[in-house]
Engineer: 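For reference, the structure I am asking about is given below.
Worth saying up front: this structure is predicted, and the values here are computed from it rather than measured.
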Amino acid sequence: MLSQIKPLTQEERQLAHAAAEEAVMRDIGERPQRDHYNHHAAHRYPPLVTKLITGLCIALLLAAFTPSAIRLYVIGSSTFGAAVPYELAMIAVGIATVLTAEVGQVVFSLALATLGTTPNARRLLYASMGIATAIALVGNVQVALPGHTTSPFAWLEAIAPPLLVLSTAYVLKEQMLEAIELRHANERAYQEAVNDWQRATINPEAHSQWMQFYANALRDALRKANNRRREALEGLNTADWRALIYRELQADNWYEQPVPELPANPVEPEEIAEQRPLTLSANGNGTHPHPNEM
């Protein structure tokens, strides 16, 4: 029965090999997409809760920022105007004072989440945040308390906004740290998936099911090449197909490089020279080696 099945040609086996590689690629799947790993790492809290906290922090930051910024603008512009009575310069310095104090608190606090990786960097950021907070506190107290030094609420209303800005910035920093950790975990998972995919696709024959895919491709090729021998194909069982596949796997391994045969007792060059016959000299004085044989 097996002798009735025509073997494949080299080209047909090569096409079967290519078909097996394509089957392996389909089994592995397409290259991982980055969008599929945007939510690989889970949040500690539901995203809705995180967004709500962030929104409330921004609202509180604006509420505390408003009275503090107004007082800082006033004290900054008036103090600068006492030395340089130039209106545009006073406006610019007033705005700069607000940015230096209030925005500086937020910036340096958030910078700790990304740039505070070394002790020196953290000390510098903490010192800068302290300077910005000191400017905000002194400026608010100097503007808000004259004439109200005996009012407890005046003290609270002067000191609370800068401190609330600082604490709100800390909450936003923690939110940013969590977002950075999640994004890094998602990116790491994506890169690991891409590396696994590349290792699997660079050498399809290393796939755990490679021989099964290749055997299926060879069987399909044999059926196509012997489509006119349907009766013989229908009579094949699993053992017959295994024998046919093995025959195809061994078809390209029939040739072996011949090994040259060496003489049984190789003669050394010195022995060959000793075995050369001596020629007679023409002067009749005996037998001597010819000069060309010396």
Side-chain angles (χ1 to χ4, degrees), residues 43-182:
H43 292 262
R44 287 183 296 177
Y45 305 101
L48 182 61
V49 175
T50 303
K51 292 180 181 179
L52 178 62
I53 294 175
T54 302
L56 292 176
C57 286
I58 293 175
L60 177 60
L61 186 65
L62 293 175
F65 177 81
T66 301
S68 179
I70 294 174
R71 284 194 288 263
L72 289 173
Y73 176 81
V74 172
I75 191 64
S77 59
S78 60
T79 302
F80 182 81
V84 182
Y86 184 61
E87 185 176 0
L88 292 179
M90 293 171 61
I91 295 174
V93 172
I95 296 174
T97 304
V98 175
L99 296 177
T100 302
E102 299 290 0
V103 180
Q105 286 180 296
V106 178
V107 169
F108 293 126
S109 178
L110 296 180
L112 287 170
T114 55
L115 303 179
T117 56
T118 62
N120 290 334
R122 295 184 68 85
R123 282 194 291 267
L124 177 62
L125 291 174
Y126 276 122
S128 301
M129 187 168 57
I131 293 173
T133 304
I135 295 174
L137 287 174
V138 173
N140 277 271
V141 169
Q142 185 173 346
V143 174
L145 288 184
H148 303 280
T149 55
T150 59
S151 173
F153 183 79
W155 280 94
L156 185 63
E157 195 267 341
I159 297 175
L163 296 180
L164 288 177
V165 170
L166 184 62
S167 60
T168 306
Y170 176 81
V171 175
L172 291 176
K173 181 196 73 172
E174 293 298 318
Q175 296 285 87
M176 179 180 293
L177 272 177
E178 182 181 2
I180 292 173
E181 290 176 358
L182 291 176

Engineer: To the closest 0.5 Å, what do you measure between OG1 (Thr97) and CG (Leu72)?
Structural biologist: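 Here the rounded value is 7.0 Å.
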Engineer: Consider side-chain contact (heavy atoms from CB on, under 4.5 Å). Of Ile70, Asn140, Val138, Val143, which one does Ile75 pass it with?
Structural biologist: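 Checked Ile70, Asn140, Val138, Val143 against Ile75; only one passes side-chain contact (heavy atoms from CB on, under 4.5 Å): Val143.
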Engineer: Okay, side chain of Thr149, backbone of Leu145: is any donor-acceptor separation there less than 3.5 Å?
Structural biologist: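 Side chain of Thr149 to backbone of Leu145: no pair is present.
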Engineer: In Å and rounded to the nearest 0.5 Å, what is the CZ to CG distance from Arg122 to Leu115?
Structural biologist: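 Between atom CZ of Arg122 and atom CG of Leu115 there are 11.0 Å.
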Engineer: Could you list the residues that satisfy side-chain hydrogen bond (donor to acceptor under 3.5 Å, both in side chains) with Tyr86, not counting sequence neighbours?
Structural biologist: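 Result, side-chain hydrogen bond (donor to acceptor under 3.5 Å, both in side chains) vs Tyr86: none returned.
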Engineer: Holding to side-chain hydrogen bond (donor to acceptor under 3.5 Å, both in side chains), I want the full list of residues that pass it with Thr133, two or more places apart in sequence or in another chain.
Structural biologist: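 With neighbours one apart ignored, the set is Gln105.
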Engineer: Return the NZ to OG1 distance between Lys173 and Thr168, rounded to the nearest 0.5 Å.
Structural biologist: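 Between atom NZ of Lys173 and atom OG1 of Thr168 there are 13.0 Å.
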Engineer: About how many Å separate CE of Met129 and CG of Leu124, when rounded to the nearest 0.5 Å?
Structural biologist: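 Nearest 0.5 Å value for the CG-CE distance: 11.0 Å.
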Engineer: For Cys57 and Leu172, run side-chain contact (heavy atoms from CB on, under 4.5 Å): C-alpha distance rounded to whole Å, both residues' side-chain angles, the deciding distance at 0.1 Å, then the answer.
Structural biologist: CA-CA 7 Å; Cys57 286; Leu172 291 176; 3.7 Å; yes
Engineer: Rounded to the nearest 0.5 Å, what separates atom CD in Glu174 from atom CG in Leu110?
Structural biologist: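 One finds 10.5 Å between CD of Glu174 and CG of Leu110.
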Engineer: Can you name the side-chain contact (heavy atoms from CB on, under 4.5 Å) partners of Leu56, sequence neighbours left out?
Structural biologist: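 Testing Leu56 for side-chain contact (heavy atoms from CB on, under 4.5 Å), a comparison that skips the adjacent residues, returns Leu52.
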Engineer: Compare all side-chain heavy atoms of Tyr73 with those of Ile91 and state whether any distance is below 4.5 angstrom.
Structural biologist: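 Answer yes - side chains close enough.
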Engineer: Any donor and acceptor pair, going by atom type alone, linking the side chain of Ser109 with main-chain N or O of Val106 inside 3.5 Å?
Structural biologist: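 Not a single qualifying donor-acceptor pair exists.
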Engineer: Identify, with sequence neighbours excluded, every residue that meets side-chain hydrogen bond (donor to acceptor under 3.5 Å, both in side chains) alongside Thr66.
Structural biologist: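 Listed in chain order: nothing, the list is empty.
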Engineer: Are Leu112 and Tyr126 side-chain neighbours, meaning at least one heavy-atom pair lies under 4.5 Å?
Structural biologist: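 Yes, at least one pair of side-chain atoms sits under 4.5 Å.
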Engineer: Indicate every side-chain donor-acceptor pair of residues 160-167 with a distance under 3.5 Å to a residue at least two apart or in another chain.
Structural biologist:
unit_1 : atom_1 : unit_2 : atom_2 : d
Ser167 : OG     : Leu163 : O      : 3.3
Ser167 : OG     : Leu164 : O      : 3.0

Engineer: According to the salt bridge (charged side-chain N to carboxylate O under 4.0 Å, His left out) rule, which pairs have a member within residues 48-75, sequence neighbours left out?
Structural biologist: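 Sorted pair list: Arg71-Glu157.
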Engineer: Determine, stepwise, if the pair Val84 / Met90 fulfils side-chain contact (heavy atoms from CB on, under 4.5 Å).
Structural biologist: CA-CA 8 Å; Val84 182; Met90 293 171 61; over 6 Å; no
